[in-house]
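Before any comments, here is the structure.
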Amino acid sequence: MLQHAKTLAATVVVALAAIPLPSSRAAVIEQGPAMAAGQSAVAPSAQGHGGTTTIMVPQDQVSYETVYVSESVQVPVTQTVTQYQTEYRTQTVPVTRTVSEQVPTTQTQTQYRTEYRTQTVPVTRTVTEQVPSTVNQTRYRTEYRTQTVPVTRTICEQVPATVNQTQYRTEYRTQTVPVTRTVQEVVNVPRAVTVHIPRQQTVQRTVTRTEMVPVTQMQTRQRCVTVMKTVAQTQYQPRAVTVMTSRVQTSCAPENYTVTVPVTTLQRVVQERGGYETQRVPLTTATPACGAVCGTVMTTCYVNQQVYVSRPVVCMVPQTSYVQQTRTRMVPVQQTVQVPETRTEMVPVTVNVQVPEQRVESFQVPVTVYQPRQVSETVPVTTTVMASEQRSETVPTVQARQVTEYVTQQVPVSVPVQVPITVMTTRQRQVTENITQQVPVSVSEQVPVTVMTTQQRQVTENVTQQVPVSVPVQVPVTVMTTHQRQVSENVTQQVPVRVPVQVPVTVMTTQQRQVPRQVAVTRRVMVPMTVPAPLSSPPPSPQK
């Protein structure tokens, strides 16, 4: 289906049709520029004295001209284009892979079982004993004594005092003040005004227009063409290779060693933590009364006496003994083992590959170019000119002037007045008083004190204890060992292959063509016309 895109060109090639002019129009052309726009030319006819007059009247004439318009037309063009499509081909490729298998292996391992054996061990421990000893200590007792001390203190009293204070009283006085205000007045002021009056004038001007002339030229264009080229490329493909590699394996072997271990036991011990305390003990004394006749009087008094108080305390005394123990530790042992190792190597393989290559081809294309051409014409142009005139007019204007007036007003005035005011003033005075107070006094005295002294002695005892002993035992252990073997398999896979295909492609090409059209053109001409002449009109003056 064709698509017609009609585009009007910027410039139009005009071919004027040959139209015969009437005799009246030829007469107007011969008169030249003597005819002004908007004026009619009057020529006396043969019947001038009979009362008729010939005048030139403007008349519009329509003529048809042929105009060539450029149209763009879409034209289908079929070309053969090489395209590549991907096809998948099935091929079988041998693939070698490594399979790991778990193989059970029985090994004999030495394990150690811990057994406990009873043995008697002599243990020497240190026993701490508390031994009492009497020592004289000086202690200080606090006693309070009464004494009279003079004390001076300050007393604050409120005393009234009369002070004269200045206060201000407001009084109003009358005074006259000048006040200035603004008064608006309307005054007529003369002003010059410029007025622009339009006037028309006709001038013959030469107008130059540009016409575009189509010129067809052959131009050389270039286009890129894709061509498939066979190129040998080297590709690297993976290949599995098995190599025996020496590896160092580290295993742990048991080893016995002796360790001296401290063993701590707790023994129950009773310790004496008593001391001397001061207690009030009653003391009875017989005193004879009135000699031997009246008899004796029993007097009881309390005396402070140091008495030893026993406090037995049960303590757990730790006793540490050192015992030889046999322990087992795992020692690493290294062995060199041959292990198969599979690695993948990249092997170069030469393959022919189709590589697209770009080539540049040149071809000739007709191109239509429009070239400008200058055409000059003389055209009457009527222009309007603005003429300025000066006029005077009176404009009312508002003006402001200052007017001063005197106004009587009340003004506040502050008058100072002395007023007596009684103020309470604080006054301090010293007062001395005698105060009786208790004064602490330290009195020293010698007091016998029993002090417990710590003494240590060595005691040897036989202690029965359980000693752990490690016994080696041979135990069979099954261990899963990993073995690797090579397995070759055929794998079917899809390989993409690019196949060239010739495909017809239809492309829309734009072509230019010239289409003639008839366009109506209106022109104004002067036509002679006979009318009756007025009786009072003067004879026409000859034109210069």
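Heavy-atom basis, side chains included; hydrogens, waters and symmetry copies ignored.
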For the atom pair [atom1] ([X]) and [atom2] ([Y]), what is the distance rounded to the nearest 0.5 Å?
| X | Y | atom1 | atom2 | value |
| --- | --- | --- | --- | --- |
| Arg373 | Glu211 | CZ | CD | 5.0 Å |
| Thr162 | Ile421 | OG1 | CD1 | 10.0 Å |
| Gln335 | Gln249 | CD | CD | 7.0 Å |
| Arg485 | Thr242 | CZ | OG1 | 13.0 Å |
| Thr234 | Gln237 | OG1 | CD | 11.5 Å |
| Gln235 | Met346 | CD | CE | 9.5 Å |

Tyr257 atom OH, over 12 foreign heavy atoms within 6.0 Å: yes
More than 12 heavy atoms of other groups within 6.0 Å of Tyr168 OH: no
Could you list the residues that satisfy side-chain contact (heavy atoms from CB on, under 4.5 Å) with [X], not counting sequence neighbours?
| X | value |
| --- | --- |
| Glu341 | Thr245, Arg247 |
| Cys252 | Met330 |
| Thr80 | Gln502 |
| Thr425 | Ala161 |

If I compare all heavy atoms of [X] with all of [Y], which pair ends up nearest, and what's the gap?
| X | Y | answer |
| --- | --- | --- |
| Ser362 | Gln222 | OG-CG, 3.7 Å |
| Gln338 | Ser246 | NE2-OG, 2.5 Å |
| Pro58 | Arg524 | CB-CD, 3.9 Å |

For [X] and [Y], does a side-chain donor sit closer than 3.5 Å to a side-chain acceptor?
| X | Y | result |
| --- | --- | --- |
| Thr166 | Gln418 | yes |
| Gln390 | Thr194 | yes |
| Glu255 | Thr328 | no |
| Gln354 | Thr230 | yes |
| Thr226 | Gln358 | yes |
| Arg205 | Thr378 | no |
| Gln486 | Thr98 | yes |
| Gln484 | Thr342 | no |
| Thr382 | Thr202 | yes |

Just jot down the salt bridge (charged side-chain N to carboxylate O under 4.0 Å, His left out) partners of [X], sequence neighbours excluded, or say none.
| X | result |
| --- | --- |
| Glu185 | Arg401 |
| Arg199 | none |
| Arg221 | none |

All pairs passing salt bridge (Lys or Arg N to Asp or Glu O under 4.0 Å) where residues 487-499 contributes a residue, at least two apart: Arg97-Glu489
Sequence neighbours excluded, every pair satisfying salt bridge (Lys or Arg N to Asp or Glu O under 4.0 Å) that has a member inside residues 402-418: Arg181-Glu405
Step-by-step side-chain hydrogen bond (donor to acceptor under 3.5 Å, both in side chains) determination, Gln74 to Thr509: CA-CA 5 Å; Gln74 298 288 337; Thr509 304; over 6 Å; no
Tell me, do [X] and [Y] make a side-chain contact under 4.5 Å, heavy atoms counted?
| X | Y | value |
| --- | --- | --- |
| Arg329 | Pro254 | no |
| Asp60 | Val62 | no |
| Thr54 | Met529 | no |
| Val189 | Thr394 | no |

Non-neighbouring partners of Thr105 that pass side-chain hydrogen bond (donor to acceptor under 3.5 Å, both in side chains), sequence neighbours left out: Thr481
For Ser392, side-chain hydrogen bond (donor to acceptor under 3.5 Å, both in side chains) partners two or more places apart: none
Criterion side chain to side chain contact (heavy atoms under 4.5 Å, CB included) on Val367 and Met218, from CA distance to verdict: CA-CA 6 Å; Val367 178; Met218 298 300 292; over 6 Å; no
Step-by-step side-chain hydrogen bond (donor to acceptor under 3.5 Å, both in side chains) determination, Ser376 to Thr206: CA-CA 7 Å; Ser376 299; Thr206 301; over 6 Å; no
Pair Val507-Val505, side chain to side chain contact (heavy atoms under 4.5 Å, CB included): steps then yes or no: CA-CA 6 Å; Val507 182; Val505 177; 4.2 Å; yes
Derivation and outcome, side-chain hydrogen bond (donor to acceptor under 3.5 Å, both in side chains), residues Thr182 and Gln402: CA-CA 5 Å; Thr182 303; Gln402 301 293 330; 3.1 Å; yes
Side chain to side chain contact (heavy atoms under 4.5 Å, CB included) between Met56 and Val527, intermediate numbers included: CA-CA 5 Å; Met56 303 300 293; Val527 180; 6.0 Å; no
Gln200 and Thr383: CA distance, side-chain angles, deciding distance, side chain to side chain contact (heavy atoms under 4.5 Å, CB included) verdict: CA-CA 6 Å; Gln200 293 185 350; Thr383 58; over 6 Å; no
Listed pairs under 3.5 Å, donor-acceptor, residues 170-179 side chains, sequence neighbours left out:
from, atom 1, to, atom 2, distance (Å)
Glu171, OE2, Arg169, NH2, 2.8
Thr174, OG1, Gln410, OE1, 3.4
Thr174, OG1, Gln410, NE2, 2.8

Criterion side-chain hydrogen bond (donor to acceptor under 3.5 Å, both in side chains) on Arg239 and Thr344, from CA distance to verdict: CA-CA 5 Å; Arg239 184 178 65 180; Thr344 302; over 6 Å; no
